[in-house]
Undergrad: 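Structure below; questions to follow.
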Amino acid sequence: MSTFNRNGIREIDFLLAEEEINEIRNIWTDHLHSISIYPSDYFKGRGIVMCGGGVTYFTCAWIAIKNLRYLGCRLPVEFWYLGNELSEQCIEQLSDFDVECRDFLNFEETELTGVMLKPLAIKLSRFKDILFLDCDNNCLRDPSFFFETEEFKKIGAIFWPDFWLTAVDNPIWKIIGSDKFFVKEQESGQLLINKERCWKELNLALFFNQRNEIFHQLLFGDKDTFKFAWDALGSSFVMIGVEPASCGYLGEKQEFLGVAMIQHDLDDRPLFVHRNLVKWDVTRDNEMLFNTIKMFKSNTKNREYKLGYSKKGSHFFMDLNGEILQVKVNQDLIDMEKRSLDYLSHLRDQKFYHEFLLHCHLATERFKNRKILQKDLLAV
């Protein structure tokens, strides 16, 4: 279990003895021998990959994709899902926006679920150059330019920082043989990867998720499995130098309630708005949550992080204190939120969406009933 402390350190209560650390190190190093050679004739071109399904992530993806097309982004999009997480009507509707929906089960049998599927989607994608976006991540500008940057062409991997540092006593450092303690943890709501250059690293990140009973105890979900896979192999990556800002609103007592992370481009300009704490599917009609941005002043050591829960708003929030810049959101962000709310309202009026809600309810409840029945039968 992870604890996010006010000093910006993520700590865990999952410690290992030296012999266990050595055993886990042998597990991942042995796995390297089983990684296939990069299939140079198979992957082509560049595109955006998203991964999700169900009401929450389809709703978020719908808005993110509509925003991308509004901004003039013409990159093809792959939307990966698992089994019955999408309906045929959803797939048909997304195809109008040059989105290809791909079911993992048509390509590979997998026991992975949720965020563990992200590196698998990147690996299986038909694209060679990939911008991976979480479904709840909205762009402020067309992100296509990133593929033409010298940093991407030279290194082949661009990552973005989270707020947190991994505690020094976390066994992951010894397991991969790294001491880069002061590189921020990774926020994987956006990833830029060239598969040809980073094939082995990507496959190791996937392996870390396949062995989630070990590595998700040490890391927080999928996100740092990428950074630590690259570190384990001594491979270079570009980490965006600006810490994320928190975007949200002021409550009744003028307290700040951050509900999204703002990530930047290589020139320190805001580009991604990762609405991770209040997703679009639970956003009320016309509920504007973006009016204030908080971020730390550059190079300050006076930092305090607060991850809390608002009973009034019924959501988690992120607050930053110390040497802070607090500003009102600019017009681009206001326009994006208004536009997204319009997309949400229109989606909620669509017949196919109503049918999809029923589809997801039936699929979820039938799965629950199956699990309950299996448990009862095993108890007999």
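Just so it is clear, the model here is predicted, and its values are computed rather than measured. Atom set for the values below is all heavy atoms of this structure, side chains included, hydrogens, waters and symmetry mates excluded.
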Undergrad: Begin from the C-alpha positions of H274 and Q190 and carry the test side chain to side chain donor-acceptor pair (under 3.5 Å) through to its verdict.
TA: CA-CA 9 Å; H274 190 181; Q190 54 285 304; 5.0 Å; no
Undergrad: Answer yes if the side chains of N194 and D129 hold a donor-acceptor pair under 3.5 Å, and no otherwise.
TA: yes
Undergrad: Can you name the salt bridge (Lys or Arg N to Asp or Glu O under 4.0 Å) partners of D285, sequence neighbours left out?
TA: R348
Undergrad: Indicate the ring-plane relationship of Y353 and F356, choosing parallel, tilted or perpendicular according to the 30° and 60° boundaries.
TA: tilted
Undergrad: Please enumerate all residues that pass ring pair (Phe, Tyr, Trp, His ring centres under 6.0 Å) together with W80, with sequence neighbours excluded.
TA: F104, F107
Undergrad: So which pairs with a foot in residues 111-128 pass salt bridge (charged side-chain N to carboxylate O under 4.0 Å, His left out), sequence neighbours left out?
TA: E78-R126, E100-R126, K118-D134, K118-D222, K128-E196
Undergrad: In the structure I gave you, are the side-chain heavy atoms of L192 and F147 within less than 4.5 Å of one another anywhere?
TA: yes
Undergrad: Name all residues meeting the ring pair (Phe, Tyr, Trp, His ring centres under 6.0 Å) criterion together with H346; count only those two or more places apart in sequence or in a different chain, and write none if there are none.
TA: none
Undergrad: Can you sort out the partners of H361 under side chain to side chain contact (heavy atoms under 4.5 Å, CB included), two or more places apart, ordered by chain and number?
TA: E365
Undergrad: Going by the ring-ring contact (aromatic ring centres under 6.0 Å, His included) test, name the single residue among F228, F215, F226 that passes it with F208.
TA: F215
Undergrad: By the salt bridge (charged side-chain N to carboxylate O under 4.0 Å, His left out) test, which pairs, at least two apart or in different chains, include something from residues 142-157?
TA: R46-E148, E148-K153
Undergrad: Going by the rule side chain to side chain contact (heavy atoms under 4.5 Å, CB included), which residues pair with F14 if we only count those two or more places apart in sequence or in a different chain?
TA: I12, L16, Q217, L218
Undergrad: How many angstroms lie between atom CG of N5 and atom CD of E304, to the nearest 0.5 angstrom?
TA: 11.0 Å
Undergrad: For F146, give me all partners under ring pair (Phe, Tyr, Trp, His ring centres under 6.0 Å), at least two apart in sequence or on another chain.
TA: W160
Undergrad: Working note: E85 + L82, criterion side chain to side chain contact (heavy atoms under 4.5 Å, CB included); need CA distance, chi angles, decisive distance, verdict.
TA: CA-CA 6 Å; E85 289 181 334; L82 190 64; 3.6 Å; yes
Undergrad: Could you tell me the separation between the CG atom of D281 and the SG atom of C60, rounded to the nearest 0.5 Å?
TA: 5.5 Å
Undergrad: Out of the candidates K223, K227, K184, Q263, only one should pair with D162 under the side chain to side chain donor-acceptor pair (under 3.5 Å) rule; please name it.
TA: K223
Undergrad: Rest of the hydrophobic cluster containing L250 (Ile/Leu/Val/Met/Phe/Trp/Tyr, side-chain heavy atoms under 4.5 Å)?
TA: F256
Undergrad: Could you give all pairs that pass the salt bridge (charged side-chain N to carboxylate O under 4.0 Å, His left out) test and reach residues 336-347, with sequence neighbours left out?
TA: R275-E337
Undergrad: So, N67 and S340: side-chain donor and acceptor under 3.5 Å apart, yes or no?
TA: yes
Undergrad: Between the main-chain N or O of I175 and the side-chain N or O of W28, is there a donor-acceptor pair closer than 3.5 Å?
TA: yes
Undergrad: Please enumerate all residues that pass side chain to side chain contact (heavy atoms under 4.5 Å, CB included) together with V282, with sequence neighbours excluded.
TA: V278
Undergrad: Given a cutoff of under 4.5 Å between side-chain heavy atoms of I, L, V, M, F, W and Y, with clusters grown through shared members, what are the other residues clustered with L325?
TA: V242, M295
